[in-house]
Amino acid sequence: MIAPFRLEPRGDRPAPTVFKQGAHPPYAIRWYGATSLFGHFRNLVSSAIASESVDSRDWMRPLDADEMLANVRTVLGLKGPDAPGASKTLLDSLEGPLWIDWIADTGDDHDVSQAVGRMLFSEYAVDDGGAAITLPRGDVLLCGGDTAYPVATADEIYRRVVQPWNEVLRELDDPRHRPRVLLAIPGNHDWYDGLDGFGRLFRRRARGAESRPEDGTRPERRRRRNRNVGLVAHGLHLDEVGVALRLVRDGAKAVRAFWRGTSLTRRRRLTLEGYESVQEASFWALPLAPGLDLWGVDRQLGRLDFRQRGYFHARRRAIGNQARIWFIAPDPAIAFGEPWEFGAKMLAACKLSLEHDRVLYQCGDMHQYERRAVGDRSLHVIAGGGGAFLHGTRIVADPRPAAVAYPTGSMSRQLALQVPLKLALGRAGYLVHIAAGFLASFELGIGWHAHRRMIWTSLAVSGAIAWALYALAGHKRAHPRHVLALAMPFGAAFGLLPVGLSLLFNTVRAVPHLGRDTLVLLVYAFAAAFLFGLFLTLCALGGLEMQQVFTVLGHPGFKHFVRMRVSKDGTIDAWVIGKDDPLATEGPWLIDRWAWRGGDRPPRR
């Protein structure tokens, strides 16, 4: 048995300036490279399908709260629902508290996923209020969506989550080994695959089905290469070449299967060793303790469907308005200090309010940690550090500061300043460079013999790019005027720079034996990437848009999960455990400690 790890508070330790990268495939997604094309394409297809009102949830059979409770008790070996004295909540069946591990936004780089798994499946010893206590591995593993990137297909979930986590689980020597519960809600990246991969991991196994390792297919062979060799291969973008070839191969297989009238072979089921799934749908409700319900909601790519609204409305009537709701959502209701549309609509669909009801709102989607109180009754927690690239926290001053943010605003500012150079150097991929090259060739193709046409073309391109930048950074429309004021000069710079470079190189022979237009294309490609990175950085520093800038970095740091204890009186105690650099030897540390009871004032009727 491995002794519990002694957990110390992180405190004000300075963040590292250099972070280790994974050295074994699959590598972290380059969001401006070939590895992201698959995700962007599936996003468009899934959005188009959703717009036609084709919804996989129509075929689901959501379990009522009593059925969910019975399934969980069966996995944990507790008293059955038909036994004398059977309980109405899960805590009534337990002698002690219930331990739950929360993690969200998993499945990117293999090495980072494995490091997160080591944190997640470990036990910890911590001083809590002067008393030494042990934080055991959770009886329930609760996954908060976006199981794998760029699209949560069965293969990507297997390669980026199940395989690295099972490697860790096999290393554990736990004499108390027993089945644990696996619960989840889907995020948007799960829906890009129509929940096929999500269902193969999180849907309850059919009765009588045999449990097989992983998924019933032959496990992939792991070739352990030298770390330096892996880093060199990643640095040379050889992984991008491999992904591009794999996409072509998979596309060819799909076309061939279509013409032959056959189907492609898929993994039958995914299994996380020692965990059993209990749900039949992507949304559910579970009674934890008297007066405390755990709800998992699913908005697909837009909203809660009418079946789901009816499901939670009925549950709310059954438990009464004074009950406390632990609300698990795929999106935040407050992000970067501002109201977030998706979360607000989910709460409204369930007839809940953070200001007036007793709600613990917990979510991922933003790859950061943030805790903030809403009134004296509700708590809003973002904890999306399960393995995906980092989203920094709010950089500009927050009128209602969060109680704890990880990383801090100053750490996020330092990272955002690295974006222009790293994007120009191709660290995030070369899609921006390629697009800029096509744009410059289009403008130069007008030719110098048609000056007026070239000028009008440049102006039209400037306007189009300004609109695109505004749409990218102003999608929330929280600060439309500020975004527009920033997008217009950058749009003009993008549109007029090819003409300016062409005039410059027409008079200055910078590189012998290299044609003027060729030189313009090369310089503009890297200059445009730098300009785009600078635009994203200024958006982040101004508090206008915080997601895209960190997407460029693909940063592997500041990973975390939440270990939670639910007591019989319904009190939820939480310890947030994380590492600045998941592949470094230092850490993990205690990032935050909080408790939630939900207040004692009666809620608004």
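Note that the structure is a prediction, hence the values are computed from the model and not measured. When reading the values below, keep in mind they use all heavy atoms of this one structure, side chains included, and skip hydrogens, waters and symmetry mates. In this chain, residues are counted from 1 in sequence order.
Classification of Asp128 and Arg593 as a salt-bridged pair holds, one side-chain N sitting under 4.0 Å from a carboxylate O. Using a 4.0 Å cut-off between charged nitrogen and carboxylate oxygen, Arg118 and Glu171 count as a salt-bridge pair. Between Asp357 and Arg316, at least one side-chain nitrogen of the basic residue sits less than 4.0 Å from a carboxylate oxygen of the acidic one, meeting the salt-bridge criterion. Between Asp580 and Arg10 there is a salt bridge, with a side-chain nitrogen of the basic residue lying less than 4.0 Å from a carboxylate oxygen of the acidic one.
Across Asp398 and Arg372, no two heavy atoms sit closer than the pair OD2-NH2, 2.9 Å. In terms of heavy atoms, Val161 sits closest to Gly107 at CG2-CA, 3.3 Å.
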Asp365 vs Trp340, side chain to side chain donor-acceptor pair (under 3.5 Å): CA-CA, chis, key distance, verdict: CA-CA 12 Å; Asp365 191 58; Trp340 203 253; 4.9 Å; no

Might you work through the ring pair (Phe, Tyr, Trp, His ring centres under 6.0 Å) test for Phe312 and Trp295, ending with a clear yes or no? CA-CA 8 Å; Phe312 288 114; Trp295 290 7; 4.9 Å; yes

Mind running ring pair (Phe, Tyr, Trp, His ring centres under 6.0 Å) on His555 and Phe19 for me, showing each step along the way? CA-CA 8 Å; His555 199 281; Phe19 291 76; 4.2 Å; yes

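To the nearest 0.5 Å, the span separating CD1 on Ile157 from CG on Leu201 amounts to 6.0 Å. Separating the CG atom in Asp293 from the CH2 atom in Trp326 is a distance of 12.0 Å, to the nearest 0.5 Å.
Side-chain contact between Arg394 and Met546 is absent, with no heavy-atom pair separated by less than 4.5 Å. Counting heavy atoms from C-beta on, the side chains of Asp298 and Leu304 never come closer than 4.5 Å.
Residues passing the salt bridge (Lys or Arg N to Asp or Glu O under 4.0 Å) test with Arg6, sequence neighbours excluded: Glu8, Asp127.
Checking each of Leu141, Ile328, Leu286 against Leu183 for a side-chain contact (heavy atoms from CB on, under 4.5 Å) leaves exactly one that passes, namely Leu286.
Counted by atom type alone, Thr153 and Asp193 present zero donor-acceptor pairs between their side chains at under 3.5 Å. In this structure, a donor-acceptor pair under 3.5 Å is absent between the side chains of Asp592 and Tyr406. Side-chain polar atoms of Tyr149 and Asp105 form a donor-acceptor pair below 3.5 angstrom.
The distance between the ring centers of Phe121 and Trp165 falls below 6.0 angstrom.
Below 30°, between 30° and 60°, or above 60°: for Phe532 and Tyr32 the angle between ring planes is above 60°, a perpendicular geometry.
Residue pairs that meet the salt bridge (Lys or Arg N to Asp or Glu O under 4.0 Å) test with at least one member in residues 555-569, sequence neighbours left out, are Asp101-Arg563, Arg565-Asp573.
Atom CZ of Arg309 has more than 12 heavy atoms from other residues, nucleotides or ligands within 6.0 Å.
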Pairs under 3.5 angstrom only: tabulate donor-acceptor contacts from the side chains of residues 384-393 to other protein residues two or more places apart or in another chain.
residue	atom	partner	partner atom	Å
His391	ND1	His367	N	3.1
Thr393	OG1	Pro407	O	2.5
Thr393	OG1	Ser412	OG	3.4

